[in-house]
2 protein chains.
Amino acid sequence: MKKDEQYKRLILREFYYSNVLSASELSERIGKSLPLIIRTVNDLVKENILQESGYAPSSGGRRPATYTINKEALYILSVSMDQLVTRMSLMSIENRHVMGIEKFELPLKDNPDIIKQLSERLLALVKKSGICESKIIGVGIGMPGFIDVTKGVNYSFPQLHSDGRTIVDHISEATGLPVYIDNDSSLIALAEYRFGTAQKQRNSMVINIGWGVGLGMVLDEKLFRGNNGFAGEFSHIPLFNNNKLCSCGKSGCLETETSLLVLLEKAVQGIKAGRISSLPPTFPTGHSEKDVESIMEAAYKGDNFCVELLAQIGYNIGRGVAILIHILNPRSVILSGRGSLAGKLWIAPVQQAMNEHCIPRLADHTAIEVSTLGYEAELLGSAALVMENFIHQK
Amino acid sequence: MKKDEQYKRLILREFYYSNVLSASELSERIGKSLPLIIRTVNDLVKENILQESGYAPSSGGRRPATYTINKEALYILSVSMDQLVTRMSLMSIENRHVMGIEKFELPLKDNPDIIKQLSERLLALVKKSGICESKIIGVGIGMPGFIDVTKGVNYSFPQLHSDGRTIVDHISEATGLPVYIDNDSSLIALAEYRFGTAQKQRNSMVINIGWGVGLGMVLDEKLFRGNNGFAGEFSHIPLFNNNKLCSCGKSGCLETETSLLVLLEKAVQGIKAGRISSLPPTFPTGHSEKDVESIMEAAYKGDNFCVELLAQIGYNIGRGVAILIHILNPRSVILSGRGSLAGKLWIAPVQQAMNEHCIPRLADHTAIEVSTLGYEAELLGSAALVMENFIHQK
DNA sequence: TATACTTCTTAAAGTTTTTATAAAGTTTAT
DNA sequence: ATAAACTTTATAAAAACTTTAAGAAGTATA
């Protein structure tokens with residue numbers, strides 16, 4: 001790639017993370033000199049990709065000219081998959097869903113047709129939008145599993161890399177676009193770091209409360225993925241003597257006492273045992289997603305039984321968090337993912353476990369917070385993944 | 001600092017880590033262009049800091065001219081403190097102890113005179129060596145405790161920062177040299193990464209088996225210290241239901257089942273209870289350091305009782321290591337510090353715990369190794385700390 | 001209201017990198 | 001065996017980028 005193209009991309013990336021920027025801010029962030037930045041910004045204005053946006057207030061000197069990005073300049077295809085359901089969206093550089101979020105069933109397991117179906121859906125979405133493909137900078141895919149980002153392989157779902165070619169190869173060929181995949185929890189962490197509650201924080205742990213309990217880490221301002229991309233297997237740290245068999249084959253994993261699945265189980269058991277609750281009479285409907293939402297909603301409205309359940313789960317998450325804090329001394333721990341819908345209810349029990357299991361000096365230095373991005377996080381993260389790679393191409 | 005001085009330092013640092021280097025290797029590592037490197041190297045040769053060292057074998061093209069550093073060009077003052085004993089050494093750029101290692105008692109606790117004593121010892125050592133102070137690039141100090149590297153503060157020992165000035169300020173003033181401090185376990189990790197078993201590995205966990213169990217981490221090729229410098233509090237992760245009170249006030253910490261102190265305790269108990277062993281009849285002498293060494297030596301020679309004790313401790317360390325591996329997916333786990341004298345005896349029990357408590361895919365990707373640096377590690381790390389900072393000055 | 005102090009912008013001077021070319025070796029093909 | 005093709009290292013000239021300096025535009029203070 002030509003060098004001036006490279007500089008343009010670096011500048012565009014900054015506009016992806018911040019709406020309005022001056023030349024000197026850009027120079028500072030990118031680490032390139034002002035003359036170079038100004039020249040490149042002027043080129044981008046001529047190309048109608050950036051536009052002038054008036055003068056910022058003075059910070060004690062001459063007022064800087066500011067710029068914004070043309071909202072229709074660039075787009076990203078963002079995909080978020082779980083075991084059963086896939087969501088996708090064509091996102092503008094301003095993080096708006098151009099055509100809304102498309103949601104459809106697409107089982108990850110035992111589905112030989114998965115790559116073909118995904119490609120077709122993606123192409124159809126682009127076609128429907130009418131947006132020129134040259135404006136789409138890539139496809140970002142988030143999914144559960146053991147993923148090696150650099151190789152583009154998801155080891156947990158072998159059908160995603162047939163005949164020696166990975167899902168990245170396949171989708172890339174089908175769409176003609178650069179494709180990147182990463183673990184769902186890592187992408188949620190990336191989203192929180194770039195757009196959410198972990199913004200500007202050098203060190204954050206992002207807990208993905210979902211059907212399992214995932215962990216994405218931002219360490220020294222970088223997403224940390226481990227030596228093979230497998231870091232963050234929070235779900236399976238051995239923490240309990242409960243003799244409960246985990247999906248991974250071991251027993252006593254954090255997951256056996258903390259996921260939303262456990263929450264649901266406990267709720268069903270409690271109701272069966274006659275506990276009083278404001279849960280709807282139809283509970284449990286058998287539809288896990290809806291049932292869990294009911295529980296969180298009831299808790300949010302003050303239902304004693306559900307609050308208690310959340311507290312139990314939260315306390316156990318907190319025990320795991322205490323370990324994280326001892327090892328990594330983060331600035332903050334963000335509770336995110338599906339489960340973050342229950343909001344601040346998580347904070348007290350997690351904090352309680354921390355107080356009991358952490359050295360005070362450590363506990364004092366890390367804040368527990370709940371995500372405001374919620375279920376959007378993963379799609380945002382997939383998009384951000386594309387942008388992170390945008391500047392490294394060729 | 002002038003720019004060419006900066007480039008010289010970058011080059012000298014590479015020679016600290018590698019003995020013989022060619023210009024193109026330097027260019028590659030430092031990330032500066034070959035013409036610039038060659039010009040600067042030539043300057044350094046003229047100044048008699050570098051010297052030519054013949055031609056390296058060809059790797060398929062013209063043979064590169066190589067260079068080495070003048071062994072008497074630069075020196076570093078290296079200090080390693082524990083609760084009771086302090087070691088220090090004036091080290092050459094080749095990591096040789098110019099005057100040997102000086103070891104003396106200097107209690108960290110309740111010792112108002114500590115800074116004065118340390119300064120005097122340091123100055124005396126320099127004087128005795130006869131080496132010109134201008135050749136000493138700085139003082140590196142390793143010690144236990146909660147240390148904020150950037151501020152130069154050790155929060156665990158308040159007498160180290162009296163009247164608003166830190167130990168760094170004081171020693172720096174007394175010696176006229178740049179001074180840096182860091183946590184002992186972090187420095188051991190740094191030493192292993194630069195000179196020991198963790199060399200060239202992107203991600204390593206270095207376990208410091210000593211009176212506690214410390215942890216230093218190399219993540220993505222950088223020493224990771226956490227948001228406030230407190231990362232690596234491995235000793236105090238809550239892992240056992242043993243009701244044993246820990247020095248930190250909590251119970252069930254890893255430390256209550258794993259340190260060399262526990263090893264000693266268990267040995268004493270066993271002997272009292274009449275267990276047969278080849279430990280010397282004088283055991284226990286009451287001198288912890290010697291007694292622990294006796295145990296490790298006996299184990300090394302095959303004494304059943306002592307091997308068994310090490311296995312118990314090792315297994316418990318392994319349980320902690322399993323957690324580390326789930327969270328951080330390192331390339332390797334290095335067993336270092338005092339305890340590494342027991343050598344390979346640690347590996348089997350640690351590996352055993354890993355096999356039981358780790359997801360196989362994770363366990364398969366990380367190697368357990370024992371340090372060869374041993375008790376030297378911390379002094380090497382303190383010196384390396386100075387060099388890491390050498391390039392960042394002014 | 002003038003003066004001092006910021007910060008932003010631009011032009012010129014100074015560095016560094018890139019590109020092109022030469023030099024020195026290795027490997028492959030006939 | 002010997003040339004041709006390919007690598008890698010070293011150096012010189014051109015291009016690119018950064019730094020410095022000076023001017024422009026604004027704020028804070030006496």
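Labels below follow one simple rule: chain letters A, B, ... track the order of the sequence lines, proteins then strands, and each chain is numbered from 1.
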- prompt: Which of these, A:E388, A:E14, A:E221, sits in a salt bridge (Lys or Arg N to Asp or Glu O under 4.0 Å) with A:R194?
  reply: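 Only one option passes, and that is A:E388.
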message: Counting the atoms with a prime plus P, OP1 and OP2 as sugar-phosphate, which does A:Y7 contact under 4.0 Å by heavy atoms, base, sugar-phosphate, or nothing?
response: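 Counting heavy atoms under 4.0 Å across all strands, the contact made by A:Y7 is with sugar-phosphate only.
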task: Mind telling me whether A:H365 and B:F230 have parallel, tilted or perpendicular rings, with 30° and 60° as the class edges?
output: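 Perpendicular.
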- prompt: Taking the nucleotide of DNA chain C with the closest heavy atom to each, which residue, A:N42 or A:S59, is nearer the 5' end?
  reply: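 So the residue in question is A:S59.
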Nucleotide range of DNA chain D lying under 4.0 Å from chain A heavy atoms: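 On DNA chain D, the outermost contacted nucleotides are D:dC17 to D:dT27.
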Rounded interatomic separation in angstrom, taking [atom1] from [X] and [atom2] from [N]:
{"X": "B:I38", "N": "C:dT16", "atom1": "CD1", "atom2": "C1'", "value": "14 Å"}
{"X": "B:I37", "N": "C:dT16", "atom1": "CD1", "atom2": "P", "value": "11 Å"}
{"X": "B:I30", "N": "C:dT16", "atom1": "CD1", "atom2": "C1'", "value": "14 Å"}
{"X": "A:Q6", "N": "C:dT18", "atom1": "CD", "atom2": "C1'", "value": "16 Å"}

field: For B:G61 against B:S58, the heavy-atom pair lying closest together
entry: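 Closest heavy-atom pair between B:G61 and B:S58: O-OG, 2.5 Å.
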field: Smallest separation among heavy atoms of B:I69 and B:Q51, with atom names
entry: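 Looking at all heavy atoms of both residues, the closest pair is O-NE2, 4.4 Å.
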Straight-line distance of B:D148 CG to B:T166 OG1, nearest 0.5 Å: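 It is 10.5 Å, given to the nearest 0.5 Å.
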- prompt: Out of B:L187, B:L190, B:L373, B:L385, which one pairs with B:L380 under the side-chain contact (heavy atoms from CB on, under 4.5 Å) rule?
  reply: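 It is B:L373; the other options fail the test.
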query: Is A:E72 salt-bridged to A:K135, cutoff N-O under 4.0 Å?
result: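 A salt bridge is absent here (no side-chain N lies under 4.0 Å from a carboxylate O).
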- prompt: Is the closest side-chain donor-acceptor distance between B:H392 and B:Q6 under 3.5 Å?
  reply: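 B:H392 vs B:Q6: no donor-acceptor pair found between side chains.
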field: Nearest-nucleotide 5' precedence on DNA chain D, A:P35 against B:E25
entry: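 Mapping each residue to its closest nucleotide by heavy atoms, the 5'-most match is B:E25.
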task: Side chain of B:K3 only, please: which of C:dT9, C:dT17, C:dT16 is the nearest?
output: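 From the listed options, C:dT16 comes nearest.
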For nucleotides 23-25 of chain C, which of its nitrogen or oxygen atoms have a protein nitrogen or oxygen under 3.5 Å away, and what is each distance?
residue	atom	partner	partner atom	Å
C:dA24	N3	B:R62	N	3.3
C:dG25	N2	B:G60	O	3.1

- prompt: When you check the phosphate oxygens OP1 and OP2 of C:dT15, does a side-chain N or O of B:K32 lie under 4.0 Å from one of them?
  reply: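 No, outside the criterion.
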Contact under 4.0 Å: A:S24 side-chain N or O vs C:dC8 OP1/OP2: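 A:S24 to C:dC8 OP1/OP2: side-chain N or O found under 4.0 Å.
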message: Quick one, A:R96 and A:K71 - any side-chain contact, counting heavy atoms below 4.5 Å?
response: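 Yes, side chains in contact.
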